[in-house]
Amino acid sequence: MSDTSEEIIQPGDEFERRPVPEGARKGHGKFWGMYAGEHAAGTEFMIGPLFLLAGVALKDIFLGLLIGNLLAVLSWRFLCAPIAVQARMTLYYQLEKIAGSGLVKLYNLANGILFCFLAGAMITVSATAVGIPFNIPMPGVEDVLPSNAAFVVITLLVGAVIAVVAARGYDTVARFANVAAPWMVLVFLSCGLVALHQLGAANWEGLNAIWNESIITAQGGEAKSTMGFWSVLLFAWFCNAAMHIGMADLSVFRYAKKASAGWATTAGMFVGHYMAWIAAAFMLAAQIKATGDSNPVPGPMAANVAGLAGIICVIVAGWTTANPTIYRAGLAFQAMIPGSKRTTMTLVAGILATVAGIFPAFAWKLLGFVGLYGTILAPMGAIIFADWHLSGRMGFQKFYAERINSPINVIVLLAWLCPVAIALYFIKFQGIATWFCILPCWVACGILHVVLSKLLQKKVA
Amino acid sequence: MNKLFKPLALLGLALTLLPSLLLLLGAIDLGLSKTLMIVGMVFWYLGATPWIGLASPKEDLGEKHNPSI
């Protein structure tokens, strides 16, 4: 693979099927800005309040999120970024060499479908804010199905706008998101500070007491906790599992000059996740204290602390998350169907996401969904990790699908699906929380890839 | 024109954060805080859209393939 600084770089070249040349690589600053902006998103308005509803102790939120987000940063820095700057390939191109183009399509299909549900939850988030001026009744936390026709109409309209804009292309929305990001970060911070003021605590003990009362109110008089310290830590660590240990951000860090660019994820994790999640959780606590209403509906929560600016922030946050997610789902679906138009596939993704958005359950169950997302997709990163670092040491061939010119590397198929299938069984039938399954799946997948590769690979010259 | 837009945008950011701090200090009430945040929002978008949005093409760092959570 040639890699010279004299290589001519065409405008718009995304190097999808070749290593990123030296002249196209970016300094660390670009990554800090990107991660800070990308992780102050619509999802943050949902995740924080869901911790309160799950009865998480306040100290567990502060400490669990601190350590979990740190582990996420370390995963990006020491697992993902080093491979990215050595291989310089997108996840999809590198995976194709290992697993075959057919398996990449299957991965893309899973990716695309999960993206649609994620985008659907964000359409719900935006719709809860759009509906406020029209006094639309909001869905409650117990609502799985749409609660009223008016909310359905608002959601359909919001989803339609988002889908059409996404179909027109990535750049326009990306530019707007770039503009909105610094403002959104400060709105999150402001919302948290105002909520803290509304809670009226003079010290940590007072804040803790109010927090516990909020949990009791939210749970109808009980104080049951379904998430403890380890759940919070693992959730924070693996919230973006598909990106770090799942290696999806190979596509990002292949542009970095050095692996130390991986530290830029600190901006996303501690600004976008740590601060924003705690701020959003405080917003729900403040709402409960003021009105007794424990429904974690982002629009009214934000209106309570930040008025119109808060409402606009919820709309923008949901939109700037849903739009690129639908765009990405469209790309994934397009890759599944050769010859299909990106615009058409993006609209298909948009329709799926909009329909999902009608059902508030996807938003209320976002914690579990994010864990499921990581459980299904992150283990592929173990295959990439094992293939890159262990093939030489353990005596099996790197990039085996490319070597044997096969569209499906059955070894990868088995190594990926077997642990995931077992995990899904435990999640569905044994009630194990999804975030507990991600790491065991990843490790099992990596081990299986090594063992099966050694046993089943045929020597290719 | 950036000499106008950039300070306007930065003033908008200040008016987004400062009201909450003043509220915490008891210097203003919630109503004024919300009003100032609206002003801040307007200033930010009026200033930042031409300043950041038109300054340079957004460089793609490959993130278009990965969702943000």
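Side chains included, hydrogens not; waters and symmetry mates left out as well; all remaining heavy atoms used. Numbered from 1 within each chain, the chains take letters A, B, ... in sequence-line order.
For the set A:A309, A:S190, A:G307, A:G268, the entry with the most heavy-atom pairs within less than 4.5 Å of chain B is A:S190.
At a heavy-atom separation below 4.5 angstrom, chain A is approached by B:S33, B:K34, B:M37, B:I38 within residues 32-40 of chain B.
A search for ring pair (Phe, Tyr, Trp, His ring centres under 6.0 Å) contacts involving B:F43 returns nothing, not counting sequence neighbours. Under the side-chain hydrogen bond (donor to acceptor under 3.5 Å, both in side chains) criterion, A:W183 pairs with no residue, sequence neighbours left out.
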Identify all side-chain donor-acceptor contacts of residues 8-26 of chain B below 3.5 Å with residues at least two apart in sequence or on another chain.
| unit_1 | atom_1 | unit_2 | atom_2 | d |
| --- | --- | --- | --- | --- |
| B:T16 | OG1 | B:G12 | O | 2.8 |
| B:S20 | OG | B:L17 | O | 2.7 |

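Residue A:V185: no heavy atom, backbone or side chain, is found under 4.5 Å from chain B. Using a 4.5 Å cut-off between heavy atoms, A:N108 does not touch chain B at all. When heavy atoms are compared at a cutoff of 4.5 Å, A:V187 approaches chain B by way of both its backbone and its side chain. Using a 4.5 Å cut-off between heavy atoms, A:L366 does not touch chain B at all. Within the 4.5 angstrom heavy-atom criterion, only side-chain atoms of A:F176, from C-beta onward, approach chain B.
A 4.5 Å side-chain heavy-atom check between B:L30 and A:Q198 finds at least one atom pair inside the cut-off.
In this structure, A:A180 and B:W44 approach most closely via the heavy-atom pair CA-NE1, 4.4 Å.
Other residues, nucleotides and ligands contribute more than 12 heavy atoms inside 6.0 Å of the OH atom of A:Y93.
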